[in-house]
Participant: 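Quick one: the structure is below, questions incoming.
Each chain gets a letter, A, B and so on, in the order the sequences are listed, and its residues count up from 1.
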Amino acid sequence: MTIKTKGLLACPECDALQREVALPRHGALNCVRCGAHLMRDKPDSCNRTLAFMVAAAVLFAIANVYPLMDLDAQGIRRSATLIDTVRGLYEHGMWSVALLVLMTAIVVPAIELGVFLYMLLPLKLGIIPDGLPYAFRVAHAVRPWGMVDVFVLGALVSMVKLTQIAEVHPGVALFALGGYILFLTAGLASFEAHAMWQHAESLQERLEGVRA
Amino acid sequence: MIRTARDEGLMRCSACSMLNRAATEREQPACARCGAHLHLRKPNSINRAWAFLAAACIFYIPANLLPVLHTGTIFEQQTDTIMSGVIHLATTGSWGLAVIVFVASMVVPIAKLIAMAILLVAAQRGSHRRRLARAKLYRVTAYIGRWSMVDIFVGATLVALVQFNLIAAILPGPGAVAFGAVVVLTMLASQSFDPRLTWDPLGGPAAEDARG
């Protein structure tokens, strides 16, 4: 007994089963019952996502090396990098908060970028990476916990607060993080899981065809 | 009449959205495409969400009462809770920022606690009222939670930049731990909640069994 599932979609938020329709360019499909977003036509999805993610990765690497901001108080200069925000909390005994900042602002974003590059770069080169399904699940699971956008807002607020006691200058990392947010958002918006799986499946068929 | 995936004996993979043949929990079904664990509905959704929500409510009290930041200059010592930090921003003229921080760290957490409680009570009672509004409420709740982290990041950046050798010292306070816990717990609560429970009371042959 087989159930035909081709051409059917289930809504992630209300489970309503509906027919998949051919989408016009950039067209979007929403659930007929609850209005949840189901899928969108994203031309050239894999390539665009890869390009955006590479750009985001470069900027994120820069953001981890250069200072976030410099502080000038009566001749004493001080600058802090991304990891310094974690170290500061840790040294004052706030290891749990330090861990939270470390995970949401550094580790999770790095994992997310790494996983996307790990999936899409080999696919682009015509290779199916080992553990593609696992990588995909990791990307899905860590998504809500990457909070660099919130971090940048927090850094900006603290900059304004500090202008009362000292002169503050935004550093290279702050601009790099701003760019990272733009590219990551663009990358996630261009990614369509359907397209990636289709790409991987057709690649698999072709590879098997060559071997046979 | 709308049929759900469950009515048709199908399970949607929560990671890659592929439709799989339904199986019981004991068979530990995994997605044929990406290998993620499959559930008809998130297991123990309502109990887990209530547990996280209750824990978040408990932490909400110290999060607001305990200081999140100690600021010391040669002239004055100041301890700030989240609310007094907002007031401080407002009285020093940064109205826009005061509003942003107030919304992110006061309005969002309390709104999220209330929204989750509404969704859970309604799902538990199999309510038929304002279903579409509840679907939207869930979507907003799931999206905004992370922005509450902004105050944690403000503190982290301030602590990193302003150390003892300067004219002022800023130290993190215990309130930050509780506040971070509130953010994480409310995020876990909304992730445990299965929005399909809002729609399940509409019926269908398989509607009765998988609640809770």
Participant: In terms of heavy-atom proximity below 4.5 Å to chain B, should A:A98 be classed as side chain, backbone, both, or neither?
Facilitator: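 Answer is neither: A:A98 stays 4.5 Å or more from chain B.
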Participant: Mind checking the CG-CZ spacing from A:L184 to A:F60? Nearest 0.5 Å is all I need.
Facilitator: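 Between atom CG of A:L184 and atom CZ of A:F60 there are 9.5 Å.
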Participant: I'd like to know if the side chain of A:D15 reaches the main chain of B:R6, judged simply by a donor and an acceptor atom lying under 3.5 Å from each other, with no hydrogens or angles considered.
Facilitator: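 Indeed, once roles are kept as given, a pair shorter than 3.5 Å links the two residues.
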Participant: Taking side chain as everything from C-beta outward and backbone as N, CA, C, O, which of these in B:V177 sits under 4.5 Å from a heavy atom of chain A? Side chain, backbone, both or neither.
Facilitator: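 Interface part for B:V177: both.
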Participant: Given heavy-atom pairs under 4.5 angstrom as the criterion, report whether the side chain, backbone, both or neither of A:F136 touches chain B.
Facilitator: side chain
Participant: Is there a donor-acceptor pair under 3.5 Å between the side chain of A:S45 and the backbone N or O of A:S190?
Facilitator: yes
Participant: Counting heavy-atom pairs closer than 4.5 Å to chain A, which one of B:A135, B:G35, B:G180 comes out on top?
Facilitator: B:G35
Participant: Can you tell which part of B:S94 gets under 4.5 Å to a heavy atom of chain A, answering side chain, backbone, both or neither?
Facilitator: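 The side chain, not the backbone.
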Participant: Between A:K42 and A:A189, is there a donor-acceptor pair closer than 3.5 Å when you use the side chain of the first and the backbone of the second?
Facilitator: yes
Participant: Please look at B:R139 and chain A and tell me whether the side chain, the backbone, both or neither of the residue comes under 4.5 angstrom of a heavy atom of that chain.
Facilitator: side chain
Participant: Are the charged groups of A:R143 and A:E112 less than 4.0 angstrom apart, N to O?
Facilitator: yes
Participant: Under a 3.5 Å distance rule, please check whether B:D80 uses its side chain to pair with a backbone N or O of B:Q78 as donor and acceptor.
Facilitator: no
Participant: Among the options A:A193, A:P144, A:A200, A:C11, pick out the one with the most heavy-atom pairs lying under 4.5 Å from chain B.
Facilitator: A:P144
Participant: Using non-hydrogen atoms and a 4.5 Å limit, figure out which bit of B:V183 sits close to chain A: side chain, backbone, both or neither.
Facilitator: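 Contact with chain A: none, neither part.
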Participant: For B:L171 and B:V159, which heavy atoms make the closest approach, and how far apart are they?
Facilitator: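 Smallest heavy-atom distance, with atoms named: C-CG2, 4.1 Å.
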Participant: Side chain from CB out, backbone as N, CA, C, O: work out which of these in A:V101 comes under 4.5 Å of a heavy atom of chain B, or both, or neither.
Facilitator: both
Participant: Among A:V97, A:V150, A:L38, who wins on heavy-atom pairs under 4.5 Å with chain B?
Facilitator: A:V150
Participant: Identify which of A:C14, A:A36, A:A155 forms the greatest number of heavy-atom pairs closer than 4.5 Å to chain B.
Facilitator: A:C14
Participant: Are the side chain of B:S190 and the backbone N or O of B:M187 linked by a donor-acceptor pair below 3.5 Å?
Facilitator: yes
Participant: Does any heavy atom of chain B fall under 4.5 Å from the side chain of A:E201, the backbone, both, or neither of them?
Facilitator: side chain
Participant: Using non-hydrogen atoms and a 4.5 Å limit, figure out which bit of A:M69 sits close to chain B: side chain, backbone, both or neither.
Facilitator: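 Contact with chain B: backbone and side chain both.
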Participant: Looking at A:H140, A:R33, A:M196, which one has more heavy-atom pairs under 4.5 Å with chain B than the rest?
Facilitator: A:R33
Participant: Does A:D41 use its side chain to pair, donor to acceptor, with the backbone of A:G27 at less than 3.5 Å?
Facilitator: no
Participant: Can you check whether A:A61's main-chain N or O pairs, donor with acceptor, with A:N64's side chain at less than 3.5 Å?
Facilitator: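 Answer holds: no.
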Participant: Looking at B:S17, B:A160, B:P174, B:G145, which makes the most heavy-atom pairs under 4.5 Å with chain A?
Facilitator: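 Most heavy-atom pairs under 4.5 Å with chain A: B:A160.
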Participant: Does any heavy atom of chain B fall under 4.5 Å from the side chain of A:M94, the backbone, both, or neither of them?
Facilitator: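 It is the side chain, since no backbone atom gets that close.
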Participant: If you count heavy-atom pairs within less than 4.5 Å of chain A, which of B:T198, B:V101, B:T92, B:I170 leads?
Facilitator: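 That would be B:T92.
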Participant: Restricting to non-hydrogen atoms, name the atom on A:G187 and the atom on A:T49 that form the minimum distance, rounded to 0.1 Å.
Facilitator: O-CG2, 3.3 Å
Participant: Would you say the side-chain atoms of A:E205 and A:S202 include a donor-acceptor pair closer than 3.5 Å?
Facilitator: no
Participant: Picking from B:M149, B:K136, B:R131, which has the most non-hydrogen pairs under 4.5 angstrom with chain A?
Facilitator: B:M149
Participant: Determine the option with the most heavy-atom pairs under 4.5 angstrom with chain B, choosing from A:V157, A:T81, A:L82, A:D84.
Facilitator: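 The candidate making the most pairs under 4.5 Å is A:V157.
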Participant: Sort B:R33 into side chain, backbone, both or neither according to what part of it lies under 4.5 angstrom from a heavy atom of chain A.
Facilitator: both
Participant: Is the backbone of B:D194 close enough, under 3.5 Å, to the side chain of B:S45 for a donor and an acceptor to pair up by distance?
Facilitator: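 Side chain of B:S45 to backbone of B:D194: a pair is present.
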Participant: B:G173, B:C13, B:C31, B:A104: which one forms the most heavy-atom pairs within less than 4.5 Å of chain A?
Facilitator: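 Heavy-atom pairs under 4.5 Å are most numerous for B:G173.
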